[in-house]
Amino acid sequence: MTVTAESQGFKQFFEKRILLGQPLTTELTAILLVYFVQGILGLARLAVSFFLKDDLGLSPAEVAALTGIASLPWTIKPLFGFLSDGLPIGGYRRRPYLILSGLMGTAAWLVLATLVHTAWLATAMILLSSLSVAISDVIVDSLVVERARQESQVEAGTLQSLCWGASAAGGLLTAYLGGLLLEQTSTLVVFAVTATFPLIVSVVAWLITEEPVDQQSNIQTVWSQVKQLQAAFSQRAIWMPALFLFLWQSTPSADSAFFFFTTNDLGFEPEFLGRVRLVSSLAALIGIAIFQRFLKAVPFRTIFAWSTVLAALGGMTTLLLVTHANRTLGIDDQWFSLGDSAILTVMGQIAFMPVLVLSARLCPAGVEATLFSLLMSIFNLAGLISHELGALLTHWFHVTETDFENLWLLVTITNVTTLLPLPLLFLLPSASASSEDELTVAGDAAGEEDLGAEDEVAPAPALTS
């Protein structure tokens with residue numbers, strides 16, 4: 001009797017404090033586990049980088065190009081939503097796709113752990129693993145959106161917060177462990193361990209409550225969504241901010257070249273790089289907290305302008321590490337790298353939070369989840385272009401796995417180019433994240449008509465990536 005009372009008391013405490021008032025059900029557990037797996041798959045992130053660099057002997061430019069290709073599935077996320085809505089498997093729209101996505105992920109990581117010896121096969125398997133996560137992300141996001149619509153005004157946003165927290169917990173758990181495991185074992189062992197996690201998605205998919213659907217009605221629903229998306233995206237108040245976000249994110253990146261520099265020139269081991277990832281993950285949480293606490297009332301244009309300028313200036317501090325000037329200042333390479341990563345991550349997260357908020361607020365009622373997914377796909381496409389442009393510059397400047405003479409020039413150009421979209425800030429609305437005003441762009445105030453009542457843009461209730 002006492003044990004039962006204690007168990008009930010613990011359940012109530014868990015639901016109130018940990019689950020933010022949500023009842024502990026098998027379905028909620030399944031949904032949170034899918035997000036947790038998405039975060040924990042970061043276990044193999046460092047292993048993939050070292051595998052491409054050391055096991056396959058790829059150059060920095062080749063790794064950058066491959067990284068861009070691997071993000072392709074994330075640029076077509078709405079397509080997976082349309083497939084799920086319009087092509088049920090066995091009469092079900094969600095559960096079978098989750099099961100298939102888990103099996104695809106496990107297959108990809110197992111092949112990487114056993115059969116991959118060429119860059120082409122590695123690209124295919126990394127692409128397949130990315131496809132697996134993208135599909136499961138779209139499906140579980142749709143489940144969350146469907147259930148979030150049943151929340152009361154007081155509970156609004158609670159389920160999304162729980163899901164983000166589950167993903168963040170998985171990412172934090174593996175941020176350091178990924179590097180530690182890689183240093184103690186090998187890339188192939190890390191891949192084999194990672195292969196077990198997508199299976200969790202396939203197993204918990206059976207816990208999702210879902211009613212069979214009619215095939216014809218779903219096709220009609222999808223066509224209706226397509227027409228709604230077309231109408232929504234034709235609005236200037238949506239496509240103009242989307243254009244700015246695309247240009248802002250598509251400037252070239254030097255990430256792959258810098259990874260080669262830190263490992264081949266500075267001699268950073270996987271365990272230390274895991275520490276850097278852990279510090280960066282914690283710094284991202286700090287950046288989110290700063291935005292939520294101090295910057296929600298700052299207009300989008302202002303926060304994009306200042307965060308971009310400060311991030312560009314902060315990125316220039318990397319030149320101290322690239323030129324070894326930090327040693328002249330008496331600062332150890334590892335300590336400098338930890339501090340620099342933390343500061344740059346905080347600024348980067350502060351800059352990224354308005355992207356999520358603005359994208360959500362641009363979505364009209366009725367197509368919130370699909371249009372938000374489309375906006376994030378555009379953002380991901382820009383990221384792909386960023387990696388490919390970075391690969392091209394890395395090749396042009398002859399930055400290789402052993403020659404980093406021109407890395408300072410690559411870092412300088414990639415930082416300076418982030419400032420190029422700033423003259424187009426007028427494309428953004430003048431509102432802030434906490435503003436309840438209608439989102440309108442500067443062009444409206446410059447003499448063109450404001451949005452009519454039928455074109456009013458309402459805030460979206462959910463932030464799903």
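Below, all heavy atoms of this structure are taken into account, side chains as well, without hydrogens, waters or symmetry copies. If you're wondering where the values come from, they're calculated on a predicted model, not measured in any experiment.
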Rounded distance (nearest 0.5 Å) linking atom [atom1] of [X] with atom [atom2] of [Y]:
X: Ser136; Y: Leu100; atom1: OG; atom2: CG; result: 11.5 Å
X: Leu127; Y: Leu131; atom1: CG; atom2: CG; result: 7.0 Å
X: Thr118; Y: Leu56; atom1: OG1; atom2: CG; result: 7.5 Å
X: Ser250; Y: Leu245; atom1: OG; atom2: CG; result: 10.5 Å
X: His387; Y: Leu392; atom1: NE2; atom2: CG; result: 14.5 Å
X: Phe246; Y: Leu375; atom1: CZ; atom2: CG; result: 13.0 Å

Working note: Trp74 + Ser377, criterion side-chain contact (heavy atoms from CB on, under 4.5 Å); need CA distance, chi angles, decisive distance, verdict. CA-CA 6 Å; Trp74 293 87; Ser377 295; over 6 Å; no
Do [X] and [Y] have side chains that get closer than 4.5 Å, going by heavy atoms?
X: Gln334; Y: Phe268; value: yes
X: Phe272; Y: Leu338; value: yes
X: Met104; Y: Ile135; value: yes
X: Leu285; Y: Leu172; value: yes
X: Thr400; Y: Ser59; value: no
X: Glu388; Y: Ile69; value: yes
X: Asp333; Y: Leu321; value: yes
X: Gln235; Y: Ile238; value: yes

Can you say whether the rings of Phe50 and Phe259 are parallel (under 30°), tilted (30 to 60°) or perpendicular (over 60°)? perpendicular
Over 60° means perpendicular and under 30° means parallel, so tell me whether Trp248 and Phe304 are parallel, tilted or perpendicular. perpendicular
Distance-only, no hydrogens or angles: does the [X] side chain make a donor-acceptor pair with backbone N or O of [Y] under 3.5 Å?
X: Asp403; Y: Val399; result: no
X: Thr394; Y: Gly390; result: yes
X: Ser386; Y: Ala382; result: no
X: Ser132; Y: Leu128; result: no

Stepwise side-chain contact (heavy atoms from CB on, under 4.5 Å) test for Gln38 and Asp137: CA-CA 8 Å; Gln38 289 181 4; Asp137 184 65; 3.2 Å; yes
Any chance you could lay out the side-chain contact (heavy atoms from CB on, under 4.5 Å) test for His324 and Thr328, step after step, and finish with the verdict? CA-CA 7 Å; His324 302 300; Thr328 304; over 6 Å; no
What are the two closest heavy atoms between [X] and [Y], and how far apart are they?
X: Ser130; Y: Ser71; answer: OG-CA, 4.5 Å
X: Val190; Y: Ala44; answer: CG1-CA, 3.9 Å
X: Val140; Y: Ile31; answer: CG2-CG2, 3.9 Å
X: Ile350; Y: Phe291; answer: O-CD1, 4.3 Å
X: Pro252; Y: Thr417; answer: CD-OG1, 3.6 Å
X: Leu52; Y: Ala122; answer: CD2-CB, 4.3 Å

Judged by modelled atom types alone, do [X] and [Y] share a side-chain donor-acceptor pair under 3.5 Å?
X: Thr75; Y: Asn380; result: no
X: Asn264; Y: Thr402; result: no
X: Ser129; Y: Trp109; result: no
X: Ser430; Y: Arg301; result: no

Kindly say whether the aromatic ring centers of [X] and [Y] come within a distance under 6.0 Å.
X: Phe300; Y: Phe244; answer: no
X: Phe260; Y: Phe404; answer: no
X: Phe80; Y: Tyr97; answer: no

Are Asp332 and Phe336 close enough, and set up right, to give a side-chain contact (heavy atoms from CB on, under 4.5 Å), and what steps lead you there? CA-CA 6 Å; Asp332 178 73; Phe336 185 91; over 6 Å; no
